[in-house]
Novice: 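This is the structure, below, for whatever I ask next.
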Amino acid sequence: MNVITLEDYRTTYWPKLDSAIDQLLTQSPGDYIPISYEQIYSCVYKCVCQQHSEQMYSDLIHKITSHLESVSQELQASSPADYIEKFNLSLAQYMGALHSIVPLFIYMNKFYIETKLNRDLKDDLIQLFTEHVAEKHIYSLMPLLLEAQSTPFQITPSTMASIVKGLYTLRPEWVQLAPTLFSKFIPNILPPAVESELQDYAAQDQKLQHDLAQNGFTRGDQSRKRAGDELTYNGSSSCSGSQGYR
């Protein structure tokens, strides 16, 4: 195998990877992506063998982080009527892209991320979506989901299920924001209910909606205040590195 210098990596190998990642991140379900998976797989393999794993991992994280920041900005600019559907599309599109990106970087994952960082590439990339998109939008998304579940036909059941299951995958603790809503789509997340507790569960949902309203969210409020800094769960963001949703 010919020696691949850092300059070779930057001018020849990474641009090929960068272009392929772009296409995978922006594809719609069912789209045909005209890239050579064999060629990309080979690029990654050669770069790992030539000790460029650390730089390649850094470039990959930076690339995907930039993409997710753009996704977050587009969500922030969306109208309340489109917000749930656009969040669902963004989440589904990203998770679909990971099904291709993670296998393409399997050698980097095995010989660098797992062995030297003691982590897993898929987990790292899911965490990026959590930090740069979901955490910034969870407190705008939840009141709309709560309103949608009480308004027939506002969104499809499949969309609601997709978002709730996706949020649970990203951060299981978010169940505490709306236990009853999550329990409709995630089995066994609530303790077995007894009759004396049913009123408590209903009261918890009402309290959540009241608290959201007190912090700028009202049912049917089309202005939908952006409140990532003002409204936080238990008084602080769960990720100290994430910025407020503005």
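FYI, the numbering just counts along the sequence from 1. Computed from a prediction, not measured in an experiment: that's the story for all the values here.
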Novice: Keeping Thr169 on the side-chain end and Lys165 on the backbone end, is there a donor-acceptor pair under 3.5 Å?
Specialist: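 Side chain of Thr169 to backbone of Lys165, a donor-acceptor pair under 3.5 Å: yes, one is there.
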Novice: Could you tell me which residues satisfy side-chain hydrogen bond (donor to acceptor under 3.5 Å, both in side chains) with Arg10, sequence neighbours excluded, listed by chain and number?
Specialist: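 Arg10 satisfies side-chain hydrogen bond (donor to acceptor under 3.5 Å, both in side chains) with no other residue.
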Novice: Keeping the roles fixed (side chain from Tyr13, backbone from Ile4), state whether a donor-acceptor pair exists under 3.5 Å.
Specialist: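 Answer holds: no.
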Novice: Only pairs at least two apart or in different chains count here, so list each salt bridge (charged side-chain N to carboxylate O under 4.0 Å, His left out) that has a residue in residues 51-67.
Specialist: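 Sorted pair list: Asp18-Lys63, Asp22-Lys63.
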Novice: Which heavy atom in Thr115 sits nearest to a heavy atom in Lys110, and how many Å separate them?
Specialist: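 Scanning both residues completely, I find the closest heavy atoms to be CG2-O, 3.1 Å.
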Novice: When you measure from the side chain of Ser19 to the backbone N and O of Pro15, does any donor-acceptor pair fall under 3.5 Å?
Specialist: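 Answer holds: no.
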Novice: Tell me if the CD1 atom of Ile106 is crowded by more than 12 foreign heavy atoms within 6.0 Å.
Specialist: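 Open.
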Novice: Suppose we call two aromatic rings close when their centres sit under 6.0 Å apart. Are Tyr112 and Tyr107 close by that rule?
Specialist: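 That pair fails the under 6.0 Å test.
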Novice: Checking the side chain of Ser72 only, and the main-chain atoms of Leu68 only, is there a donor and an acceptor separated by less than 3.5 Å?
Specialist: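 Judged by distance alone, no pair lies under 3.5 Å.
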Novice: Determine whether a donor-acceptor pair (N or O, by modelled atom type, separation under 3.5 Å) exists between the side chain of Thr151 and the backbone of Gln154.
Specialist: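 No, Thr151 side chain to Gln154 backbone: no donor-acceptor pair under 3.5 Å.
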Novice: Please check: side-chain N/O of Ser150 versus main-chain N/O of Glu147, any donor-acceptor pairing under 3.5 Å?
Specialist: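 A pair under 3.5 Å: yes.
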Novice: Provide the closest heavy-atom pair for Gln27 versus Ala97 in the form atom of the first, atom of the second, distance.
Specialist: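 Minimum heavy-atom separation between Gln27 and Ala97: NE2-CA, 4.5 Å.
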Novice: Got a donor-acceptor contact below 3.5 angstrom from the Ser162 side chain to the Ser158 backbone?
Specialist: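 No; judged by distance alone, with no hydrogens or angles, the pair does not exist.
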Novice: How about Gln127 and Glu131: does a side-chain donor come under 3.5 Å of a side-chain acceptor?
Specialist: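 There is such a pair between these side chains.
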Novice: Ser58 side chain to Gln55 main-chain N or O, any donor-acceptor pair under 3.5 Å?
Specialist: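 Absent.
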